[in-house]
Protein chains: 2
Amino acid sequence: MLNPADDAFARTLSDALPEGTVARAADRYLEEPRGKGITPAALLARPRSTAEVARIVHACAAARVGIVPWGGGTGLVMGQVKPLGPAPLILSLDRMTRVQAVHPRENVIVVDAGAALADVRAAAEGADRLFPLSLASEGTASIGGNLATNAGGVNVLRYGNARDLCLGLEAVLPDGSVLNGLTRLRKDNTGYDLRNLLIGSEGTLGVITAAALKLFPRPSGVGTAFFTVPGPGAALELLARAQAMTFGGVTSFELIHRQGLLFLDECLPDLRQPFEVRPEWMALVEIGLPEGLSPERIMADLFEQAHAAGLVGDGVIAGSLAQRQAFWALREALPEGNRRIGAVSSHDISLPLSEIEGFLAEAPARIASIGDLRINCFGHLGDGNLHYNVFPPRGQRAADLRHLAPLIMDCVHAMVTARGGSISAEHGIGRLKVEELERYGNATKLAAMRSIKAALDPVGIMNPGAVLRMG
Amino acid sequence: MLNPADDAFARTLSDALPEGTVARAADRYLEEPRGKGITPAALLARPRSTAEVARIVHACAAARVGIVPWGGGTGLVMGQVKPLGPAPLILSLDRMTRVQAVHPRENVIVVDAGAALADVRAAAEGADRLFPLSLASEGTASIGGNLATNAGGVNVLRYGNARDLCLGLEAVLPDGSVLNGLTRLRKDNTGYDLRNLLIGSEGTLGVITAAALKLFPRPSGVGTAFFTVPGPGAALELLARAQAMTFGGVTSFELIHRQGLLFLDECLPDLRQPFEVRPEWMALVEIGLPEGLSPERIMADLFEQAHAAGLVGDGVIAGSLAQRQAFWALREALPEGNRRIGAVSSHDISLPLSEIEGFLAEAPARIASIGDLRINCFGHLGDGNLHYNVFPPRGQRAADLRHLAPLIMDCVHAMVTARGGSISAEHGIGRLKVEELERYGNATKLAAMRSIKAALDPVGIMNPGAVLRMG
């Protein structure tokens, strides 16, 4: 059993650290941005160095006090809030934000875990390189949080998830020891892959304190376009053609359903939309190209080929940086539209690519059998990752249909599982989906996870209750 | 303590499995191809299905019999032979070689772990796709072994190591339970990354029985060239330019030192070499390009630019598939030349890219202080991975200089470690480098590895003595 981070513990911890490191946690550390839950009370530690993190973790292990690691606080599955059990220590890395080094020739950047993702991207750009991880909350989200949750975003198709972008990690393990794995190596087969074990473990196996990350050359040319497509199957065929034409140069391929555009019409009517008549389906396609090729030309070729094959209807190709940005502004506004309308139930799912068409054909009727509901489906089609969100009919509020939420979620997750998909593609498990994981997860995998958790964190202090139910 | 796979156990196991599954191990399962060590005696099981693998592992766990998983037997660090301790069961997957399915539209292939790497590559090619993992022993090496050892090879620069190419795994864990993780998903954040924990664990945490692997579109054009370079620093700068020109389209970048070419002159004099005067350093560069670009033209542009900058001296660009194959035949002959000369000590090292020049400048004098020796350095420069091998002087045999081997290895590994490098870049630890790992590895990492091993394999039956010393 864990003990609360009480006044006595606060005094002990304060005495071991420089003044100003430990305090009562202010509200902003206790709340989840979408109001899904709060940490009722907590102690807050804001260390300045890995050595201080180690001292804090060590003290918590000794006193059996739970730790909630805190990055930017933007997680969507309650990994950063702990509503139940003894008051934890919130361990924020928001004072550890340095870009330690950029190695352009190596295509490597080394950063403190508290650095904001946007700052990592900017530092890379300053060295004429690309750090491709990109997502809506990148101004606030920390790179340590991105790694702890194996964040995805809009460039996974070409560059992979957060884990694929990490060469080395420094982390403090649950006993307070420091894992010095901040290697800048592309190849290193010296033992078990602890880096990937920590990445995606959502703070339950240790605290990531720094990372060495991959950089990439920036494309010489970038092409961005909206294409209307008759359906998801045609969109996948369009993607395959784009990949073949560009030797895997498609960096983003986002599917958007009409419902999302209608939500924007309703909530953000000033936002410029590419097609006067809102299409049932459209795709936002971005490609990166080497020297010697014109992005606009390649996009036009792609459109022509695809149009001749019946894969696209209409298209708009960005002709300037401003237009590209406007295209992306529309894409990034979709979650905001969703927020304003208010979902009854949201799902971050992934499917094998060839199951997507069948799922999207099957799901609406199943949802309709639960109630009169609106569905907005959008997402990273190239990764098989859909945000499949269900909303009340016009004129009703989500709050009035809360009782349908579990039915809807079961319905979606059962369909997804039957098709070999995942009930959490990029957001993780946190505390929100612990029961879902128990229900849909693989029993052998869960047993192995519990063994590993018990081996590395026998007291259970690291982010207690996240991913795995407390023992 | 483990028990031997004795006659009584053989009978018990035989009774539980179809006839012909269990036998005494023939010599080819007991030997390591380079004569580094043998398994004195062993039982052999050759199951036909994952269910049979599970039954075998379960029986071994119950009887406390060690298991040596056996793929193609091509490993270079004695992961597949067990010279010491009780006779093990060799678990060969060479009857489980099916390509289960190819999904070209998903860019996924699903294979049994016993399939030869070359067969996986051929199946992908049959669907007009690329499975990029490629290495000299691919005709014999099994994909399960490649994954268990996180194999590297010549295409890592663009496509990553074996782990980067794997979407899902099926494996039998040390208690005989089956981990059904054969997912075809690009994104799946449902719990700890057991896939990557198993990959690279060299059979010490479970037996990989099947895998879902990534496929890629094939490049529209491929360019291949040899360039002479003044030194490794210039080679790295050449690489950076090639990457920038092609938007990361460099698929291979191999550095070759004159010594390797002279070995070929000595041992394989009929092999055609690209440069009449053997250059001190040369690079084999391969690029993949999208439609609309001529590989020969891009290579010529690269040569011109790099020549003007003093980064290359001479160059030969392949003008046909036959020429490309001849270029690669030279590259692949280098290990054969090494074998025929006979190394005193071989090293599979990696370094941060910006440390390579310094290392290669420093090392020869250090080696010379040990004795009159020849050095052949070649490898995957783009990955920072060098095969840094040390040979006797002309007229002497490696066998006569064996006493120098530990001194040379210490010297190389100490320099590599001081520069933040790895003492095993792509070959793994096996049994050959267990002591090296203990000496140069991170104590915190080793402690965590031991905890995980004990948690998942409490009896210690899985590849006992590999990676970690037997408890």
Side-chain angles (χ1 to χ4, degrees), chain A residues 103 105-106 150 152 173 177-180 183-194 196-197 200-201 216-217 219-220 240 243-249 288-293 350 352-354 383-385 422-426 428-429 437 441-442 444-445 448-449 451-452 455-456 467, chain B residues 103 105-106 150 152 161 173 177-180 184-194 196-197 200-201 216-217 219-220 236 240 243-249 288-293 350 352-354 383-385 422 424-426 428-429 437 441-442 444-445 448-449 451-452 455-456 467:
Chain A
H103 303 272
R105 196 162 112 169
E106 292 185 15
N150 186 30
L173 300 185
S177 63
V178 178
L179 182 69
N180 292 306
T183 151
R184 314 201 303 268
L185 305 173
R186 306 270 158 176
K187 283 184 172 174
D188 181 14
N189 276 348
T190 52
Y192 300 166
D193 186 0
L194 302 184
N196 274 309
L197 189 61
S201 69
F216 294 83
S220 291
Q243 291 286 36
M245 271 178 76
T246 58
F247 183 38
L289 292 170
E291 284 179 24
L293 292 173
S350 68
L353 292 190
S354 40
D383 315 320
N385 178 195
S422 168
I423 62 160
S424 184
E426 60 177 6
I429 300 300
L437 182 63
N442 177 303
T444 304
K445 178 174 176 179
M449 286 169 56
S451 295
I452 292 167
L456 296 182
V467 185
Chain B
H103 304 270
R105 198 163 112 169
E106 292 185 16
N150 186 28
N161 295 296
L173 299 186
S177 62
V178 178
L179 182 69
N180 292 308
R184 314 200 304 267
L185 304 173
R186 306 270 158 175
K187 283 183 172 174
D188 181 15
N189 276 348
T190 52
Y192 300 166
D193 186 0
L194 302 184
N196 275 307
L197 188 62
S201 69
F216 293 84
S220 292
L236 282 169
Q243 290 285 36
M245 271 179 76
T246 59
F247 183 38
L289 293 170
E291 283 178 23
L293 292 173
S350 68
L353 292 189
S354 40
D383 315 319
N385 177 196
S422 169
S424 184
E426 59 176 7
I429 300 300
L437 182 64
N442 177 303
T444 304
K445 178 173 175 179
M449 284 168 57
S451 296
I452 291 167
L456 295 182
V467 186

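Order of the sequence lines sets the chain letters (A, B, ...), proteins ahead of strands, with each chain counted from 1.
Between atom CG of residue B/Leu194 and atom CD1 of residue A/Ile452 there is a gap of 5.0 Å, rounded to the nearest 0.5 Å. Note that the NZ atom of B/Lys187 and the OG atom of A/Ser422 stand 11.0 Å from one another [nearest 0.5 Å]. The structure places CG of B/Leu293 at 3.5 Å from CG of A/Leu293, a figure rounded to the nearest 0.5 Å. Note: B/Arg105 CZ to A/Leu353 CG = 8.0 Å, rounded to the nearest 0.5 Å.
The residue among A/Gly288, A/Ala448, A/Gly441 with the most heavy atom pairs within less than 4.5 Å of chain B is A/Gly288. With chain A as partner, the option from B/Val467, B/Asn385, B/Asn196 having the largest number of non-hydrogen pairs under 4.5 angstrom is B/Asn196. Each of A/Ile423, A/Leu185, A/Thr246, A/Thr183 has some count of heavy-atom pairs under 4.5 Å with chain B, and the biggest count is that of A/Leu185. Heavy-atom pairs under 4.5 Å with chain B peak, among A/Gly200, A/Gly384, A/Pro352, at A/Pro352. Heavy-atom pairs under 4.5 Å with chain B were tallied for A/Arg186, A/Arg184, A/Met449, A/His103; the largest tally goes to A/Met449. Interface summary for chain A: among B/Ser451, B/Gly249, B/Ser354, the most heavy-atom pairs under 4.5 angstrom belong to B/Ser354. Most heavy-atom pairs under 4.5 Å with chain B, from the set A/Gly428, A/Ser220, A/Ser201, A/Pro219: that is A/Pro219. Contacts with chain B were tallied for A/Leu456, A/Thr190, A/Val178, A/Leu289; A/Thr190 has the most, counting heavy-atom pairs under 4.5 Å.
Here the shortest heavy-atom pairing between B/Ser177 and A/Thr444 reads OG-CG2, 3.4 Å. In this structure, A/Pro217 and B/Gln243 approach most closely via the heavy-atom pair CG-O, 4.0 Å. Between B/Ala455 and A/Ala455, the closest heavy-atom pair is CB-CB, 3.6 Å.
Contact of A/Ile429 with chain B is made through backbone and side chain together, with heavy-atom distances under 4.5 Å. Heavy atoms of A/Leu173 lying under 4.5 Å from chain B belong exclusively to its side chain. Interface residue A/Asn150: backbone and side-chain heavy atoms are both found under 4.5 Å from chain B. Looking at B/Asp188, the atoms closer than 4.5 Å to chain A (heavy atoms on both sides) sit in the backbone and in the side chain alike. B/Asp383 touches chain A through backbone and side chain together, each having a heavy atom under 4.5 Å away. Both the backbone and the side chain of B/Leu179 come within less than 4.5 Å of a heavy atom in chain A. Neither the backbone nor the side chain of A/Phe216 comes within less than 4.5 Å of any heavy atom of chain B.
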Audit row: A/Tyr192, B/Leu197, side-chain contact (heavy atoms from CB on, under 4.5 Å) steps and yes/no: CA-CA 6 Å; A/Tyr192 300 166; B/Leu197 188 62; 4.2 Å; yes
